[in-house]
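So that the names make sense, note that chain A is the first sequence line, chain B the second, and so on, each numbered from 1. This one's a predicted model, so the numbers in the text were calculated from it and none came from an experiment. In what follows, every heavy atom counts, from backbone to side chain, and hydrogens, waters and symmetry copies are set aside.
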Protein chains: 2
Amino acid sequence: MTPRRTTRGAQTRDAILRAAADVASVDGLEGLSIGRLATELAMSKSGLFAHFGSKEELQLATIEEARQRYVREVIAPALGWRPGITRLYALCDAFLSYVERDVFPGGCFFASAMAEFDCKAPGAVRDRIAECQEQWMRTLERAADDARAIGELPSDSDSRQLAFELEAALLSANWYFHLYKDATYLTRARRAVQTRLSNETARAGLHSLPPDD
Amino acid sequence: MTPRRTTRGAQTRDAILRAAADVASVDGLEGLSIGRLATELAMSKSGLFAHFGSKEELQLATIEEARQRYVREVIAPALGWRPGITRLYALCDAFLSYVERDVFPGGCFFASAMAEFDCKAPGAVRDRIAECQEQWMRTLERAADDARAIGELPSDSDSRQLAFELEAALLSANWYFHLYKDATYLTRARRAVQTRLSNETARAGLHSLPPDD
DNA sequence: CCTACCGATCGGTAGG
DNA sequence: CCTACCGATCGGTAGG
């Protein structure tokens with residue numbers, strides 16, 4: 001018994017989800033239509049539908065596909081850098097590169113999904129989007145914590161506040177880059193990140209570290 | 001001939017547009033459905049439709065209604081403050097107050113619309129959204145220019161960069177406040193704005209912000 | 001402003 | 001994986 005790594009069905013499923021994630025980044029997870037996806041993939045609507053059983057399951061599977069793409073294209077590369085301020089900077093840079101490289105045709109999948117669901121009624125899809133976004137924020141926050149632990153940021157540095165401000169610049173770059181088709185906004189975000197991190201590290205240089213922390 | 005200020009038809013139209021702007025802030029301008037709006041307003045679909053002639057015209061009229069609400073609730077109050085750094089701060093504060101007061105049930109209408117249309121094909125609706133957003137950014141930018149002109153910001157201060165960074169904090173506060181139903185994010189944005197403006201004024205050894213209001 | 005209707009598309013099902 | 005179909009809803013129209 002030598003089971004195939006990926007059955008034919010699983011390959012089809014993956015192809016569906018790659019297309020679904022691309023479509024949803026532009027038209028939203030609600031705008032995803034099973035009929036349209038089926039046409040795009042040259043298969044029948046019910047054949048596609050059978051892989052998921054409901055639109056909500058398709059949406060959840062699409063989020064998981066997008067999450068894996070995000071880990072591969074943004075988080076994993078940045079984790080190649082040593083922990084601390086270098087990695088924090090690398091995470092921001094990797095995000096902006098991911099936007100610039102058009103990893104999703106509709107810009108950052110999770111930015112779009114957060115904007116689509118932030119005011120929607122609770123449900124499995126909304127909850128999952130909130131979790132993914134929280135996970136990314138925690139990744140930024142942990143990088144800031146590491147930087148503080150090794151003295152690259154002041155001991156009274158607020159990692160959550162810093163993560164919020166960095167993520168704000170990244171998200172805005174995503175919207176404006178696409179709305180105005182102008183890469184200047186990516187540069188503005190890079191400058192914002194650099195200035196913010198420089199200010200934070202400069203505080204460490206000015207104040208000597210307290211005797212105990 | 002003493003024409004009524006508002007005919008009955010115009011009143012109906014206004015009621016439609018108020019409801020449309022509320023719905024669109026949650027479900028998007030594409031998610032706006034004429035049938036659903038008609039049901040909500042207890043009128044027939046075709047009766048409502050006759051006011052606009054096409055869905056696109058309804059969308060454009062809805063944007064104009066939202067724009068007027070935004071001017072009334074955010075821009076006008078802030079313009080009550082004297083030009084310069086005070087007004088720049090007031091604009092940011094007015095935006096966060098507008099989000100906190102739930103002026104639209106789906107958070108900032110233009111944030112939602114920008115996120116919905118940033119990667120869509122060009123068209124009248126997308127163009128109008130881009131114009132409105134640009135107008136708001138210019139409002140922030142002009143306030144920064146004024147501040148620089150009267151020596152409240154350094155002469156080499158980059159107003160567009162400053163406006164981008166302030167707007168980034170405001171937009172992110174809007175998303176996170178609604179996604180996590182947590183007013184802490186409004187506080188984070190206020191702190192980000194204060195820190196950013198303080199840093200900018202401090203660069204030239206200028207006085208920091210006026211005493212807390 | 002209404003009723004009545006159009007073709008297209010939606011998510012989902014039956015049966016194979 | 002398919003064809004064939006369901007009821008509901010979409011934007012829009014005819015006619016009044």
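Mapping Lys55(B) and Ala50(A) onto DNA chain D via the closest heavy atom, the residue that lands nearer the 5' end is Ala50(A). For the pair Ile34(A) and Leu48(B), both in contact range of DNA chain C, the more 5′-proximal nearest nucleotide belongs to Leu48(B).
Of all nucleotides in DNA chain D, those with any atom nearer than 4.0 Å to a heavy atom of chain B start and finish, going 5' to 3', at dC10(D) to dT13(D).
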Dot-bracket assigned to DNA chain C with the 3.5 Å Watson-Crick/G-U criterion, [ ] for crossing and | for other-strand pairs, is ||||||||||||||||
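Between Tyr70(A) and Trp136(A), the two ring planes are perpendicular [angle over 60°; tilted spans 30° to 60°]. In this pair, Phe104(B) and Phe109(B) present their aromatic rings tilted. The plane angle is within the 30 to 60° band.
Here the CZ-CD distance, from Phe52(B) to Gln59(B), works out to 11.5 Å after rounding to the nearest 0.5 Å. Once rounded to the nearest 0.5 Å, the distance linking CD1 of Ile129(A) with CD of Gln133(A) reads 8.5 Å.
As judged by a 4.0 angstrom heavy-atom cut-off over every strand, Ser46(A) is placed among the base-contacting residues. As judged by a 4.0 angstrom heavy-atom cut-off over every strand, Ser33(B) is placed among residues touching the sugar-phosphate backbone only. Within 4.0 Å (heavy atoms only), Leu32(A) reaches sugar-phosphate atoms of the nucleic acid but no base atom.
The existence of a salt bridge linking Asp22(A) and Arg69(A) is confirmed by a sub-4.0 Å separation between a basic side-chain nitrogen and an acidic carboxylate oxygen.
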Q) Could you walk me through whether Arg196(B) and Glu165(A) pass the side-chain contact (heavy atoms from CB on, under 4.5 Å) check? A) CA-CA 10 Å; Arg196(B) 185 64 182 79; Glu165(A) 294 185 30; over 6 Å; no
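Listed by first and then second residue, the salt bridge (Lys or Arg N to Asp or Glu O under 4.0 Å) pairs involving residues 127-142 of chain A are Glu64(A)-Arg128(A), Arg128(A)-Glu131(A), Glu134(A)-Arg138(A), Arg138(A)-Glu141(A), Glu141(A)-Arg160(A) (not counting sequence neighbours).
When side chains are defined from C-beta on, Glu65(B) does not count as touching Arg13(B), because their heavy atoms never get closer than 4.5 Å.
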